[in-house]
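Here the structure comes first, spelled out in structure tokens, and everything after it is commentary.
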2 protein chains.
Amino acid sequence: MEKTSSKFSKEVYGKILGHLEQDILDLLWSSGEASGKEIFTAIRRTRGIALTTVLTVLERLWKKGLVIKEKGESVYLFRPVFTKEEFAKEVSSDFFKGLFELSAGGASASFVNILAQVDPVELDRLKALVESKKKEIESRKG
Amino acid sequence: MEKTSSKFSKEVYGKILGHLEQDILDLLWSSGEASGKEIFTAIRRTRGIALTTVLTVLERLWKKGLVIKEKGESVYLFRPVFTKEEFAKEVSSDFFKGLFELSAGGASASFVNILAQVDPVELDRLKALVESKKKEIESRKG
DNA sequence: TAATATATTCGACAAGGCGTAGAATGTCAA
DNA sequence: TTGACATTCTACGCCTTGTCGAATATATTA
């Protein structure tokens, strides 16, 4: 008796952020800084949405410590707290920790596979990273 | 104006499964197979919980396709569908995909760091994995 | 067979997250 | 003061997870 389906995991930050939160963060990463209205306008071009919806989510992102909110000339401006890279590290590190407890081997295998699939060139960088990390550990051991 | 806190991420499969779901899966990974009551008893040793709570969650895990449910002599027995390793791959692959879109570099860096911290020996394996993957790609290119 | 015990399923509720947005309130300039 | 625009409040609906009691099914046995 085995039920089929396999739906854990969604997309990205999958589970870390909601879709709208993602969209908004992405826009902020592109623009660097924007007012709620600007973000609203940008999203509006794609689909129907209310200004307050955007503002609410922006507020939530701020409460989560993901964006900075600063009064500009006449309106609040929002900026991401983290760069994409930082955010990726931030988000992934806890996930990895848990994952490794499950299975370091499985995680590594999967990681390499997906990386090769998505961005093979990065394999070189990964290799370099591993090597330098190894050296770092060696030297620390004395 | 920056609100502090950084609470995305929890533990493991963090966000993929709830706590009780995790506990139960862990128990199943240890025992290989167990009845709802056995799992209940095990958890009960730690904290107060009702049998039905355990059964409900077991049912949900089954609906998610994470456990197998089979009638034993007199009661239903549950077994995990995936090994820990498989589950780790399964869960991580989608996560990685999204993560890489964010920042392959950031993800790799984070991955190596955490791995080094949690299980440095695995670095060798990772290195080997990367190398063999690279070769695989090379050879495919012809 | 009826009664008792045990196993399993149903239905529900609360809490928390996210998307959604109208209503209310605040602010500033004409 | 009155708009016009900005910001905050409040709230609903939906979904997931933890939590169970009640109801039902099944088996055991007096």
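Sequence lines set the chain letters: A, B, ... in the order given, protein chains first and strands last, and positions in each chain run from 1. Quick caveat: nothing in here was measured; it's all calculated off a predicted structure.
- Within the 4.0 Å cut-off from OP1 or OP2 of dG17(C), not a single side-chain nitrogen or oxygen of K64(A) is found.
- Closest approach of L126(B) and F111(B) over heavy atoms only: CD2-CE2, 3.9 Å.
- Under the 6.0 Å distance and 45° angle rule, K69(A) does not count as a cation-pi partner of F78(A).
- Of all the heavy atoms in G65(B) and V81(B), the pair that sits closest is O-CG2, 3.6 Å.
- The nearest pair of heavy atoms linking L17(A) to Q22(A) is O-NE2, 3.6 Å.
- OP1 or OP2 of dT8(C) lies within a sub-4.0 Å distance of a side-chain N or O belonging to K71(B).
- Atom CZ in F40(A) sits roughly 17 Å away from atom P in dG19(C) (whole-Å rounding).
- Considering only heavy atoms from C-beta on, L55(B) stays 4.5 Å or farther from Y76(B) through its side chain.
- Rounded to whole angstrom, the span from the CD1 atom of I24(A) across to the C1' atom of dG17(C) amounts to 15 Å.
- Atom pair L20(B):CG and dT16(D):C1' shows a separation of 13 Å (rounding to whole Å applied).
- E73(A) has its CD atom 14 Å from the P atom of dA6(D), to the nearest Å.
- With a 4.5 Å cut-off on side-chain heavy atoms, R125(A) and S108(B) do not count as touching.
- At distances below 3.5 Å, at least one donor-acceptor pair connects side-chain atoms of S31(B) with backbone N or O atoms of L27(B).
- Between the NZ atom of K63(A) and the P atom of dG17(C) there is a distance of 11 Å, given to the nearest Å.
- Phosphate proximity of dT9(C) to K69(B): present, with a side-chain N or O under 4.0 Å from OP1 or OP2.
- One atom, CD of E59(B), and another, C1' of dT17(D), lie 15 Å apart when rounded to the nearest Å.
- Here the nucleotide nearest the side chain of K37(B), chosen from dA7(C), dT7(D), dG18(D), is dA7(C).
- For the segment residues 41-58 of chain A, residues with any heavy atom less than 4.0 angstrom from an atom of DNA chain C are, sorted by number, R47(A), I49(A), A50(A), T52(A), T53(A), T56(A), V57(A).
- Per the geometry, CD1 belonging to I39(A) stands 14 Å off C1' belonging to dT7(D), to the nearest Å.
- Minimum atom distance to the side chain of Y76(A) is reached by dT7(D), of the listed dT7(D), dT8(C), dG18(D).
- Look at NE2 on H19(B): it is 17 Å from P on dT16(D), rounded to the nearest Å.
- Of the residues near DNA chain D, V75(A) and R60(A), the one whose nearest nucleotide (by heavy atom distance) lies more toward the 5' end is V75(A).
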